[in-house]
Amino acid sequence: MPQYHAPLRDMQFVLHEVLKVQDEFQHMPRFAEVDADTVNAVLEQGAKFCEEVIFPLNKPGDEQGCQHDKNTQTVTTPQGFKQAYQQYIEGGWAALACEPEYGGQGLPQTLNQVFFEMANAANQAWTMYPGLTHGAYECLHAHGTEEQKTLYLPKLTSGEWTGTMCLTEPHCGTDLGLLRTKAEPSDDGSYRLSGQKIFISSGEHDMAVNIVHLVLARLPDAPAGSKGISLFVVPKFLPQPDGSLGARNPIHCNGIEHKMGIHANATCQMYLDGAQGWLVGEPNKGLQAMFVMMNAARLAVGVQSLGLSEVAYQNAVVYAKDRLQMRSLSGVKAPEKAADPIIVHPDVRKMLLTARAYVEGGRALAYFAALQIDRELHHPDAEVRKEAADLLALLTPITKAFLTDNGWIATSNCLQVYGGHGYIAEWGMEQFVRDARINMIYEGTNTIQSLDLLGRKVLMDNGARLKKFGKLVQDFIEEEGVKEEMQEFINPLADLGDKVTKLTMELGMKAMGSQDEVGGAAVDYLRVCGHLVFAYFFARMARIALDKQNSGDPFYSAKLHTARLYFQRLLPETAFAIRAARSGVANLLAMPQELF
């Protein structure tokens with residue numbers, strides 16, 4: 001059976017030594033009293049919940065899956081899920097980063113992100129039920145009326161109600177401009193929504209008494225395309241003014257998808273038959289409002305893969321130290337045993353260390369991105385808030401796509417460490433791989449993230465956001481570049497920074513001739529930018545580890561080994577990706593369709 005232990009030491013390293021979150025929080029009056037002891041106490045309690053309550057439900061939940069009752073159109077989650085959710089509510093985890101005025105604890109989003117890494121490692125399918133609720137909360141908090149906030153936010157904050165987002169339709173996935181769901185105005189100021197939505201995660205379940213659906217639909221006079229989409233809040237049960245539940249709203253689950261992974265999360269086909277809803281934000285500007293939730297979800301999905309990579313790595317290491325197969329090529333390493341443990345073999349170590357490097361780099365990126373949310377929302381200096389917003393906009397598609405691509409590589413590598421046993425369900429590894437695969441697809445496929453990065457976040461503003469991150473890199477290079485012990489990290493970082501600048505300019509020039517050039521290069525471009533971000537953070541982590549490698553704590557020696565592995569074996573992927581991006585789009589479009 002698999003196991004999971006929250007990597008608190010590395011989490012604390014990133015938070016306190018790399019990002020220095022206590023200093024950051026002291027510049028935000030709201031969080032001025034959130035010190036290192038508070039952070040550590042929250043994480044330790046969160047680790048206990050994830051390790052002891054939801055992780056034991058992960059494998060049996062996958063085996064049981066969700067059950068849909070066609071007669072009642074209800075969904076039953078696996079045994080223990082509902083009880084675990086009640087413990088989650090009672091522990092205050094739902095309210096961790098929500099506003100105190102709605103019953104929240106008012107702690108930083110950074111802490112919330114760390115908690116959700118642990119929760120996703122322990123049980124991604126379970127974590128998706130409360131996870132989407134935070135996005136619904138943020139969307140209503142940003143765009144809801146005061147009446148909507150008063151009615152919905154306290155219930156979402158407590159976790160008594162959960163949330164979803166209903167975007168996709170059978171004929172319409174990424175291209176939301178094609179959606180057909182209709183919203184007809186009623187005399188009472190509400191709307192009646194009719195249509196069908198599919199692939200709705202947590203769209204129906206038995207874990208909470210009410211589900212708050214945020215639904216994209218068209219008004220009768222809406223313009224065609226994405227400019228004619230409005231956003232509506234459509235509750236499963238109609239709330240009364242005092243927050244009690246009224247009549248059942250006709251938004252029902254017609255069925256659940258039978259999927260490759262995340263079996264314990266209900267992926268629902270939702271049918272709206274004149275369901276009552278209320279407009280959120282302005283008419284025909286629903287996409288702008290929904291992007292609050294979508295961006296939150298994209299960061300969350302990156303953290304899902306980070307968690308899966310961590311738990312897969314932990315188990316693969318245990319197996320590699322225990323499994324005996326053959327002798328080391330350089331001579332016997334365990335003479336008292338019939339064979340050597342497979343961890344002595346170079347390729348096994350390559351697989352393990354690749355996963356470890358992608359975990360540690362991903363953790364630094366995910367926590368840094370979360371810190372930008374706190375800075376954007378709560379820093380008193382307007383310039384700092386703007387810088388944080390720009391950095392977050394740039395890093396959101398990278399966090400989603402790079403971490404989920406790497407999660408697929410990491411979990412696959414860790415399964416491979418097991419050999420044939422990795423393919424067998426009883427070891428638990430194949431579930432991590434299956435669950436990781438969805439993360440590259442939903443909340444905007446990784447190709448969509450790549451197009452967003454290159455087309456919107458870089459070329460559309462002439463590289464202004466990219467230059468802001470580039471300044472962080474350049475400042476660090478100038479500070480550390482003269483130090484001999486840092487050359488192995490600084491030189492490749494500086495070299496890649498220059499190459500990203502040149503590649504960006506080259507692709508910008510090509511795009512002026514044909515936008516297809518953006519489509520042909522975007523995925524490779526994001527991989528290059530992802531590595532630039534990782535290289536920056538690994539260089540920062542290496543600097544700290546070098547300073548403390550003689551402290552007697554083996555943690556810092558391990559960090560240096562991982563950083564060196566990253567720079568020497570993984571960063572060279574950028575040479576291929578740059579060459580592929582530069583190859584142009586003709587080799588993709590030249591073949592006539594009939595020859596496929």
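- Note that CH2 of W126 and CD1 of I262 are 15.0 Å apart. Values are rounded to the nearest 0.5 Å.
- Looking at D340 and R327, a side-chain N of the basic residue comes within less than 4.0 Å of a carboxylate O on the acidic one, giving a salt bridge.
- A salt bridge links R9 with E17: the closest approach of a Lys/Arg side-chain nitrogen to an acidic carboxylate oxygen falls below 4.0 angstrom.
- Between F469 and F537, the ring-plane angle classifies as tilted under the 30° and 60° cut-offs.
- Distance check, rounded to the nearest 0.5 Å: CD of Q105 to CH2 of W93 gives 8.0 Å.
- Aromatic ring centres of F116 and H134 lie closer together than 6.0 Å.
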Does the salt bridge (charged side-chain N to carboxylate O under 4.0 Å, His left out) test come out yes or no for K471 and D475, once each step is laid out?
CA-CA 6 Å; K471 186 177 187 305; D475 288 348; 2.9 Å; yes
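- Salt bridge annotation for K400-E443: absent, with no cationic side-chain nitrogen under 4.0 angstrom from a carboxylate oxygen.
- Ionic pairing of K559 and D10 is present here: one or more N-O contacts between side-chain nitrogen and carboxylate oxygen are shorter than 4.0 angstrom.
- Taking the six-membered ring for Trp and thresholds of 30 and 60 degrees, H379 and H27 have nearly parallel ring planes, at less than 30 degrees apart.
- Atom CD of E336 has more than 12 neighbouring heavy atoms from other residues, nucleotides or ligands inside a 6.0 Å radius.
- The pair K48-E44 does not count as a salt bridge, with every side-chain nitrogen at least 4.0 angstrom from each carboxylate oxygen.
- R385 and D381 are not joined by a salt bridge, as no carboxylate oxygen comes within less than 4.0 angstrom of a charged side-chain nitrogen.
- The closest side-chain heavy-atom distance from T110 to L15 is below 4.5 Å.
- A salt bridge links R356 with E360: the closest approach of a Lys/Arg side-chain nitrogen to an acidic carboxylate oxygen falls below 4.0 angstrom.
- By the 4.0 Å N-to-carboxylate-O rule, E387 lies too far from K468 to be salt-bridged with it.
- How far CG of L466 is from CG of L391: 10.5 Å, rounded to the nearest 0.5 Å.
- Judged as a side-chain contact (heavy atoms from CB on, under 4.5 Å), and not counting sequence neighbours, the contacts of N295 are F291, R298, T396.
- At least one side-chain heavy atom of L395 sits less than 4.5 Å from a side-chain heavy atom of L365.
- Using a 4.5 Å cut-off on side-chain heavy atoms (C-beta onward), N120 and L306 make no contact.
- Here K350 pairs with D347 in a salt bridge; the nearest charged N to carboxylate O distance falls below 4.0 Å.
- Within the 4.5 Å cutoff, side-chain heavy atoms of I373 are placed close to those of L377.
- Heavy-atom contacts from other residues, nucleotides or ligands closer than 6.0 Å to NZ of K483 number more than 12.
- Salt bridge D390/K386: present, at least one basic N to carboxylate O contact under 4.0 Å.
- The side-chain heavy atoms of H421 and M429, taken from C-beta on, include no pair separated by under 4.5 Å.
- Counting only heavy atoms from C-beta outward, the side chains of Y85 and P130 approach each other to under 4.5 Å.
- For CZ of R456, the number of neighbouring non-hydrogen atoms (other residues, nucleotides, ligands) closer than 6.0 Å is 12 at most.
- Side-chain polar atoms of S309 and N406 form no donor-acceptor pair below 3.5 angstrom.
- H531 and Y566 have their aromatic ring centers within a separation under 6.0 angstrom.
- A donor-acceptor contact closer than 3.5 angstrom links the side chains of T38 and D35.
- Atom CZ of F576 has 12 or fewer neighbouring heavy atoms from other residues, nucleotides or ligands inside a 6.0 Å radius.
- Side-chain contact check for L8 versus M118: some heavy-atom pair is nearer than 4.5 Å.
- S305 OG to Q124 CD: the interatomic distance, rounded to the nearest 0.5 Å, is 6.5 Å.
- Between K457 and D461 there is no salt bridge, since no side-chain nitrogen of the basic residue lies less than 4.0 Å from a carboxylate oxygen of the acidic one.
- In this structure, Y423 has its ring center at least 6.0 angstrom away from the ring center of Y418.
- Within 6.0 Å of NZ in K333 there are more than 12 heavy atoms belonging to other residues, nucleotides or ligands.
- Contact annotation: the side chain of C98 approaches that of Y137 to within less than 4.5 Å [non-hydrogen atoms, C-beta and beyond].
- Here F489 and F567 bring their ring centres to under 6.0 angstrom of each other.
- Under the 4.0 Å criterion applied to side-chain N and carboxylate O atoms, E479 and R543 are not assigned as salt-bridge partners.
- We find that D62 and R434 are joined by a salt bridge, their nearest charged nitrogen and carboxylate oxygen being less than 4.0 Å apart.
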